[in-house]
Amino acid sequence: MEPKNRIEELVKLLNEANYNYYVLDNPTISDQEYDKYLRELINLEEKYPELVLLDSPTKRVGGEVLDKFVKITHKIPMLSLGNVFNEEEVRDFDNKIRKVGINPEYVCELKIDGLSVSLVYENGVLKSGATRGDGVIGEDITHNVKTIKVIPLKLNQEIDIEVRGEIYMDKETLTKINKERIESGLTPLQNVRNAAAGSIRQLDSKVAAKRNLNNFIYHLPNPLDYEITKHSDALDFMRSLGFKVNPANKICKSIDEVIEFINEYTEKREELPYEIDGVVIKVNDIEEQQELGFTAKYPKWATAYKFPANDVLTKLTDIIFTVGRTGQITPNAVLEPVLVMGSTVSRATLHNEDFVNNLGLMIGDIVEVHKAGDVIPEVKGTKIERRTGKELPFVMITECPICGTGLIKKLGQVDYYCPNNACPARGIEGLIHFASRDAMNIDGLGDEIIERFYNEGFLKEITDFYHLKEHKDEILMLEGFGQKSFDNMINAIENSKKNSLEKLLFGLGVSGVGSKTAKLLASTYETIDNLMNAEVEELLTIKDIGDILARNIYDYFKVNRNLIDKLKMLDINMKYLGVKKKINENITNKKFVMTGTISFMGRDEIKRIIEEYSGTFTDSVSKKTDVVIVGESPGSKYDKAKELGITIWSEDIFRKVLESLDA
């Protein structure tokens with residue numbers, strides 16, 4: 001689509017979404033979808049500034065003003081915050097500040113999921129309450145603000161002041177209200193944010209009063225007028241006046257401490273009585289804030305880290321098919337790019353025909369995407385109610401998309417396979433896997449280059465990587481290759497010979513052997529000869545290796561000894577170079593989860609010790625977890641461990657286990 005047409009389409013879509021959300025209190029797309037489309041629009045407008053439209057939502061800070069309320073002009077504009085979505089972007093925010101010569105101290109606060117409010121007091125008495133509106137003009141909601149018990153009608157000092165904060169609804173309150181609404185035959189309120197916004201916009205203050213709204217104050221727009229030079233001091237000052245200020249804030253001396261705060265509340269957020277959707281990061285020093293200044297829309301001295309969405313919505317634009325190393329055919333979703341847990345996703349596996357049909361997917365659907373195991377993008381479901389009638393049905397292919405051979409389905413399996421052992425896709429995929437980062441990590445040999453070398457005849461099997469230097473003259477004649485890039489590639493290939501055994505094992509592509517299993521096998525057997533001579537029964541004694549995997553390993557080496565001999569002749573390392581695992585009955589072969597803070601040791605050090613003794617350190621509690629280590633201020637993992645009856649180690653127990661390691 002032409003940039004001009006896409007910009008017009010995005011502007012229309014976002015303006016309609018703004019109207020439905022802010023004016024009608026009836027959101028039609030999710031916050032995550034809105035963020036995705038807005039980021040796309042911002043990127044296009046930066047690239048094509050001549051195409052920016054007058055009514056672009058990027059020119060706004062908030063939504064439109066409702067005509068049913070009296071309008072109030074903010075003396076100081078109520079700007080929104082820019083957003084960051086992962087650790088890299090948090091550090092980038094810090095780097096931009098440091099580049100102007102500022103060594104910042106930060107204040108981290110929880111980003112409450114509610115409705116922004118400005119409160120104005122004269123001589124210590126509440127004069128007005130107003131919404132953000134469009135950032136310059138808001139809506140007068142004073143009559144409803146007065147019903148919120150935590151907002152003082154009179155301050156502790158006779159002072160003229162404006163403060164800003166968030167009106168919100170507790171989780172428990174929403175549950176209670178919805179129970180009553182359902183019993184009365186009414187539609188339940190969607191979430192705490194919509195509930196708070198809808199309540200505060202009621203003309204009848206009695207309705208708002210019944211909703212039991214709450215409030216946190218977090219910003220003083222003009223602190224220097226009160227001789228306050230730190231944002232943290234402004235919070236204390238506003239608290240002293242009688243305002244409710246969230247105690248869950250922290251002064252952070254470094255960006256590492258900021259990230260620790262983010263990680264802490266990522267874990268604790270479910271336990272809070274109110275909803276949060278992120279963490280706000282502010283430069284603490286007011287003069288430094290003024291030095292940094294503002295963009296047209298945001299302050300440069302503050303940003304909001306948004307918690308990664310576990311489940312996000314995007315459009316399924318196509319379904320394509322790939323051929324794996326074993327010939328297995330996999331349908332894959334082509335998606336409109338979307339942020340999932342901090343990274344952009346545009347493809348996701350659909351596993352097999354049955355998986356697609358069970359979800360009822362159609363090309364053009366709005367689908368729900370998440371990361372299975374917090375790593376692998378996966379389509380979770382489809383929004384049938386969002387269909388327009390233009391969607392296309394899914395049709396499983398019957399021939400290999402690469403070589404055209406008719407597909408087969410093995411007895412008792414759901415997957416289709418290309419039976420052609422000479423299918424180019426199978427060879428290419430195996431070569432790409434061998435050179436990949438988690439395998440032999442041959443830098444400079446990306447997918448396209450490997451496919452190109454395959455087609456040129458330089459690469460047909462994995463041993464050919466180590467003969468590429470013999471094709472120097474032909475490679476240097478290829479477009480895009482020079483002496484330096486060729487030398488770098490050959491150096492990377494030579495360096496790969498020194499890899500530890502687990503890299504080679506993973507690169508060989510043994511069915512079912514992932515990078516973790518490869519490391520387990522390498523550390524257990526230490527040399528490839530020991531592993532090749534292992535019988536199935538012996539392999540079964542290793543934890544997490546079952547019948548099928550043991551047979552796959554045994555069968556692979558039974559028929560591929562000649563390949564291993566060739567690799568040995570090329571001086572490929574065949575030994576495990578890592579530290580030999582230590583054994584301890586309390587740790588070895590057990591799965592551990594940690595929650596809370598251990599006073600005498602950091603999380604990374606605990607993980608290192610557990611892995612040193614052949615234990616596994618994971619992030620989530622499940623029935624397979626053996627031990628949960630519990631420190632100060634534990635999160636919900638502690639409750640789940642008790643619920644599942646999992647062994648719990650306190651700090652004292654953990655300390656005794658560590659002492660036994662040195663005995």
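The basis for the numbers below is simple: all heavy atoms, side chains too, and nothing from hydrogens, waters or symmetry mates.
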### Message
Set out, in order, the CA-CA distance, both residues' side-chain angles and the distance that settles side-chain contact (heavy atoms from CB on, under 4.5 Å) for V593 and I646, then state yes or no.
### Response
CA-CA 10 Å; V593 172; I646 293 168; over 6 Å; no
### Test salt bridge (Lys or Arg N to Asp or Glu O under 4.0 Å) applied to R386 and E33, step by step
CA-CA 13 Å; R386 298 279 294 272; E33 285 178 287; 3.2 Å; yes
### Query
Checking side-chain contact (heavy atoms from CB on, under 4.5 Å) for the pair L81/V280: CA distance, chi angles, key distance, verdict?
CA-CA 9 Å; L81 293 176; V280 176; 3.6 Å; yes
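Proximity of a side-chain donor or acceptor of S496 to a complementary backbone N or O of I442 within less than 3.5 Å is not detected. The main-chain N or O of F85 is found under 3.5 Å from a side-chain atom of E89 such that the two form a donor-acceptor pair.
A salt bridge (Lys or Arg N to Asp or Glu O under 4.0 Å) with E605 is found for exactly one of R608, R603, K607, namely R608. If you run salt bridge (Lys or Arg N to Asp or Glu O under 4.0 Å) between D31 and each of K36, R193, K306, only R193 comes through.
Under the 3.5 Å distance criterion, with hydrogens and angles disregarded, no donor-acceptor pair is assigned to the side chains of H219 and E162. A donor-acceptor contact under 3.5 angstrom links the side chains of T131 and E139, judged on distance only. Side-chain N/O atoms of K75 and N222 include no donor and acceptor closer than 3.5 Å. Side-chain contact annotation: T295 with K300, donor-acceptor N/O pair under 3.5 Å absent. A donor-acceptor contact under 3.5 angstrom links the side chains of Y106 and D94, judged on distance only. Between the side chains of Y274 and N246, at least one donor-acceptor pair of N or O atoms lies under 3.5 Å. Between the side chains of T229 and E287, no donor-acceptor pair is found at a separation under 3.5 Å. E45 and S56 are linked by a side-chain donor-acceptor pair at a separation below 3.5 angstrom, with hydrogens and angles left out of the test. Under 3.5 Å, the side chains of S232 and N284 contain a donor-acceptor pair of N or O atoms.
In this structure, the ring of F617 has its center no less than 6.0 angstrom from the ring center of F592.
Considering only residues two or more places apart in sequence or on other chains, E87 meets the salt bridge (Lys or Arg N to Asp or Glu O under 4.0 Å) condition with R91. The salt bridge (Lys or Arg N to Asp or Glu O under 4.0 Å) check on D92 picks up K96, with sequence neighbours excluded. Partners of R6 under the side chain to side chain contact (heavy atoms under 4.5 Å, CB included) rule, at least two apart in sequence or in another chain, are M1, E9, L10, Y37, E40, L44, E336.
The cationic group of K642 lies under 6.0 Å from the six-membered ring centre of Y638 and within 45° of the ring axis, placing it in a cation-pi geometry. Cation-pi check for R164 over Y218 is not met; the charged atom does not lie both under 6.0 angstrom from the ring centroid and within 45 degrees of its normal.
Within a 6.0 Å sphere centred on CD of E172, heavy atoms belonging to other residues, nucleotides or ligands number 12 at most. Taking a 6.0 Å sphere around CD of Q290, one finds it holds more than 12 heavy atoms contributed by other residues, nucleotides or ligands.
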